[in-house]
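Just below is one structure, and these are the notes that go with it.
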There are 2 protein chains.
Amino acid sequence: MSIQDTLEAFQQRLVERGLKSTRQRGLIVETFFELDRHVNVDELLLEVRKRRASTGYATVYRTLKLLVDLGFANERRFGGPETPTIYDPSFERDEHFHLICLECQHIIEFRDVPLEKRHEAIAREQGFTLQQQTLDLYGHCTRENCPRRPQA
Amino acid sequence: MSIQDTLEAFQQRLVERGLKSTRQRGLIVETFFELDRHVNVDELLLEVRKRRASTGYATVYRTLKLLVDLGFANERRFGGPETPTIYDPSFERDEHFHLICLECQHIIEFRDVPLEKRHEAIAREQGFTLQQQTLDLYGHCTRENCPRRPQA
DNA sequence: TTATCTGCAAAATTTTTGCATCGAT
DNA sequence: ATCGATGCAAAAATTTTGCAGATAA
């Protein structure tokens with residue numbers, strides 16, 4: 001799904017909800033999807049301000065909440081209160097899971113459909129209708145520059 | 001593992017780290033494990049103050065962080081920034097996963113050893129040494145008093 | 001005794017809100 | 001024209017920190 005398509009889908013959802021499709025929202029959402037990675041509010045605001053300097057904090061917060069409500073992003077925090085809240089682009093139940101390095105904070109995303117199905121089955125057994133799932137695996141990675149990289 | 005055992009294990013870990021075993025810490029930790037459920041800082045402080053009214057916020061925060069560092073608790077937030085950070089008692093790799101009702105916030109904990117193994121295997125494939133894992137399944141539950149309970 | 005811990009209050013952070021103005025429909 | 005959206009600044013909420021006095025080793 002291209003950025004253009006995603007933007008259009010977003011605009012459409014806005015209208016369906018009786019909300020307005022404004023330049024500001026378009027700009028923020030477009031920037032968010034172009035970056036196409038985990039961002040915190042500051043990073044996104046900074047990027048948006050490169051294009052329109054007068055953009056306010058509140059608008060970015062409000063637009064991100066909107067993205068979450070409409071299912072275009074997930075709000076996450078990997079770690080305790082001191083770690084920043086980040087926003088993860090996601091389109092339509094395009095579930096993906098995370099592997100997080102506790103040392104260098106490097107994050108790998110991966111998909112695993114059988115696992116998704118398994119989770120659904122578990123939820124069903126417990127009388128739940130599954131809407132969303134998050135799986136976060138924390139460990140030590142093997143990247144060159146990881147400070148606690150296992151020796152070869 | 002009894003509360004008494006857990007308390008002792010905690011005290012021992014403290015000493016190993018060159019930290020002091022104080023009444024305050026004992027009290028807070030004991031209260032935390034007696035409650036034996038997800039609590040936020042306020043709830044815990046309230047409970048601790050029933051036993052010793054002069055207890056300060058900062059000490060509870062600091063002790064909870066200690067519990068997390070020593071592996072006796074996990075710091076979690078189920079939902080966006082508006083949801084409270086909660087602390088979940090956990091002893092020694094006693095992994096458990098969560099099913100969260102999006103309507104009534106009811107939380108079911110469950111264990112699933114095969115799933116844990118599977119996660120370990122996934123991490124290994126990606127060159128990670130797994131240290132911790134969280135699986136959160138969000139959906140709608142079927143409790144009597146759940147506001148969005150499916151009709152029978 | 002000495003280093004750590006505690007409680008308080010202040011500070012730092014993060015997120016939300018009120019309100020006047022602006023912009024989309 | 002109307003009603004929602006935006007930007008600013010202030011407020012609220014959450015978490016951390018500095019410091020003086022208290023406590024454990």
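So that the names make sense, note that chain A is the first sequence line, chain B the second, and so on, each numbered from 1.
Taking the side chain to side chain contact (heavy atoms under 4.5 Å, CB included) definition, one finds that A:Q12 meets it with A:E16, sequence neighbours left out. With sequence neighbours excluded, the residues satisfying ring-ring contact (aromatic ring centres under 6.0 Å, His included) with B:F110 are B:F97. Taking A:S2 as the reference, A:Q4, A:D5 meet the side chain to side chain contact (heavy atoms under 4.5 Å, CB included) condition, with sequence neighbours excluded. With sequence neighbours excluded, the residues forming a side chain to side chain contact (heavy atoms under 4.5 Å, CB included) with B:A9 are B:M1, B:F72, listed by chain and number. Listed by chain and number, the residues in a side chain to side chain donor-acceptor pair (under 3.5 Å) with A:R124 amount to none (sequence neighbours excluded). For A:F78, the ring-ring contact (aromatic ring centres under 6.0 Å, His included) test picks out A:H38, A:H98, with sequence neighbours left out. Residues satisfying the side chain to side chain contact (heavy atoms under 4.5 Å, CB included) criterion with A:T22, sequence neighbours excluded, are A:K20, A:Q24, A:R25. Annotation: side chain to side chain donor-acceptor pair (under 3.5 Å) contacts of B:Q11 (sequence neighbours excluded): B:S21.
If you measure from atom CG of B:L27 to atom P of C:dC5, you get 16 Å, rounded to the nearest angstrom. In this structure, CZ of B:R17 is placed 18 Å from C1' of C:dA3, rounded to the nearest angstrom. To the nearest angstrom, P of C:dG23 lies 15 Å from CZ of A:R25. Residue A:L44 contributes atom CG, which lies 16 Å from atom C1' of C:dT14 at whole-angstrom precision.
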Do any side-chain atoms of residues 55-70 of chain B form donor-acceptor pairs under 3.5 angstrom with protein atoms, and if so which ones, sequence neighbours left out?
{"unit_1": "B:T55", "atom_1": "OG1", "unit_2": "B:R52", "atom_2": "O", "d": "2.7"}
{"unit_1": "B:Y57", "atom_1": "OH", "unit_2": "B:D42", "atom_2": "OD1", "d": "2.0"}
{"unit_1": "B:T63", "atom_1": "OG1", "unit_2": "B:T59", "atom_2": "O", "d": "2.7"}

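What you find for B:Q133 and B:E116 is that their closest heavy atoms are OE1-CA, 3.6 Å.
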Tabulate atom names and distances for all N/O pairs under 3.5 angstrom spanning the protein and nucleotides 23-25 of chain D.
{"unit_1": "D:dA24", "atom_1": "N3", "unit_2": "B:K20", "atom_2": "NZ", "d": "3.1"}

Identify all pairs in which a protein N or O lies below 3.5 Å from an N or O of nucleotides 14-18 of chain D, and state each distance.
{"unit_1": "D:dT15", "atom_1": "OP1", "unit_2": "B:T85", "atom_2": "OG1", "d": "2.9"}
{"unit_1": "D:dT15", "atom_1": "OP2", "unit_2": "B:Y61", "atom_2": "OH", "d": "2.8"}
{"unit_1": "D:dT16", "atom_1": "OP1", "unit_2": "B:K65", "atom_2": "NZ", "d": "3.4"}

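A side-chain donor-acceptor contact under 3.5 Å links A:Y87 and A:E75.
Contact annotation: A:Q24 does not reach the phosphate of C:dC22 (side-chain N/O to OP1 or OP2, under 4.0 Å).
Between B:L14 and B:A53, it is B:L14 whose nearest contact on DNA chain C lies nearer the 5' terminus.
For B:T55, counting side-chain heavy atoms from C-beta on, the closest listed nucleotide (C:dC5, C:dG7, D:dG7) is C:dG7.
In this structure, the helix from C:dT1-D:dA25 to C:dT25-D:dA1 shows an angle of 40° between the axis at its start and the axis at its end, each fitted on 5 base pairs and rounded to 10°.
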